[in-house]
Amino acid sequence: MVQRHSLAVPHGVPVLAISFLACVATGLELSVNNHAADFTLSTEPGPPISLSCLVHNSSQAEELLWYRGDGQVALKDGNKVNISNICISPVNESDNGVTFTCKLARDKSVQVSVILDVQFPPQLSGEETLHVEEDKDVTLTCNSKSNPQAKTTWYKDNHNLTLQQNRHELYQTSEVFRLSIKKVHKSDTGTYTCVVESRLGSGTRDFHLIVEDKKPVFPKEAVIAAVVVVTVTILFGILAQKDKFFKVW
């Protein structure tokens, strides 16, 4: 008697192993731009990019699917079987880090992904003119988008900014550079320049800080106290003269 053996996938087998088994079971492989495994494609904004997905070891018509992130890309009928092409045009900064994936329609575990690495020089933005009263705190925010990540330097009136302990504070993320100044003085008035540099170029942004005189504080509590005193005085005066009022009436 011939014994039959079944292929069982043990519990806890990694997803990569399951994908490999699925690929062996179907006997098919995919490639995108001649890459049979996931890869990163470096480019720059502007010129279009063409991605071509091809089925290998196919003995029949196989439908292909394209995804941008988690969303499926709409394909024309003549661009789905055994070979499929998509074009990203124009490429822009928002495409950086986006994943495009080609999948086999009848077995989506057979797939190849490409991650776009869109490289561009720093692009800066932020409020240019700030007015602040003396002894108040102020924050200059320099927003920067760049790939690769850039480094920043602050200048005041075209000179390197001398940071004073407990007065100046720097905060930096991949896209935000902040300079905070506590209890500003008149001497803090001037032009602050945010210079952001990467190997692809640099960008600058000027911030004009104007420190104004302190506005006189309206003595609200003193006025309220004065009004209360005057009101009480008038009331006592009326009570003291009530007999005269009654005689007149």
Side-chain angles (χ1 to χ4, degrees), residues 44-46 90 92-98 118-245 248:
E44 60 184 23
N92 55 51
E93 292 82 357
S94 63
D95 294 316
N96 182 48
V98 175
V118 184
Q119 301 190 354
F120 53 95
Q123 301 174 351
L124 308 185
S125 63
E127 188 176 356
E128 295 182 346
T129 302
L130 297 94
H131 296 261
V132 63
E133 288 182 31
E134 195 173 8
D135 288 338
K136 294 282 184 73
D137 298 343
V138 68
T139 298
L140 312 181
T141 302
C142 181
N143 300 307
S144 172
K145 293 179 61 178
S146 65
N147 183 36
Q149 188 172 345
K151 64 177 183 178
T152 184
T153 306
W154 284 94
Y155 294 85
K156 180 179 184 292
D157 297 329
N158 297 321
H159 294 88
N160 280 320
L161 177 62
T162 302
L163 300 178
Q164 299 178 21
Q165 190 175 8
N166 300 327
R167 284 201 68 234
H168 296 92
E169 182 177 312
L170 296 178
Y171 173 80
Q172 177 174 337
T173 67
S174 60
E175 295 187 358
V176 176
F177 306 99
R178 289 181 185 149
L179 169 64
S180 296
I181 307 175
K182 296 181 179 180
K183 295 185 180 301
V184 296
H185 305 154
K186 282 287 190 176
S187 59
D188 291 319
T189 296
T191 299
Y192 292 78
T193 304
C194 171
V195 179
V196 182
E197 298 175 293
S198 76
R199 61 179 177 81
L200 295 181
S202 63
T204 62
R205 187 77 171 179
D206 288 336
F207 297 84
H208 305 290
L209 179 62
I210 301 173
V211 180
E212 301 174 340
D213 292 332
K214 294 177 63 175
K215 296 179 181 178
V217 179
F218 187 71
K220 182 171 63 176
E221 292 81 3
V223 171
I224 293 175
V227 170
V228 171
V229 170
V230 171
T231 303
V232 171
T233 302
I234 293 173
L235 288 175
F236 276 114
I238 293 174
L239 291 174
Q241 301 295 325
K242 64 179 181 178
D243 292 340
K244 292 182 179 181
F245 287 140
V248 171

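What you see is a predicted model, and the numbers here were worked out from it, not measured in a lab. Quick note: residue numbers are just sequence positions, from 1.
- Contact of the T141 side chain with the T139 side chain is registered, since non-hydrogen atoms from C-beta on lie closer than 4.5 Å.
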Tell me which donor-acceptor pairs under 3.5 Å the side chains of residues 159-166 have, and how far apart each pair is, sequence neighbours excluded?
residue, atom, partner, partner atom, Å
H159, ND1, D157, O, 2.9
Q164, OE1, R167, NH1, 3.2

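- Interatomic distance, E169 CD to I181 CD1, rounded to the nearest 0.5 Å: 11.5 Å.
- For the salt bridge (charged side-chain N to carboxylate O under 4.0 Å, His left out) condition, no pair includes a residue of residues 145-155, sequence neighbours left out.
- K186 NZ: more than 12 foreign heavy atoms inside a 6.0 Å radius.
- Taking NE2 from H208 and CG from L140, the interatomic distance works out to 11.5 Å, rounded to the nearest 0.5 Å.
- For T153 (side chain) and V195 (main-chain N/O), no donor-acceptor pair under 3.5 Å exists by modelled atom type.
- You'll find the side chain of T204 stays beyond 4.5 Å of the side chain of Y155, heavy atoms only.
- One distance of note links SG of C194 with CH2 of W154; it measures 4.5 Å at 0.5 Å rounding.
- In terms of modelled atom types and a separation under 3.5 Å, the side chain of N96 and the main chain of E93 share no donor-acceptor contact.
- Residues V184 and E133 approach most closely at CG2-O, 3.4 Å, considering heavy atoms.
- Counting only heavy atoms from C-beta outward, the side chains of R205 and E128 approach each other to under 4.5 Å.
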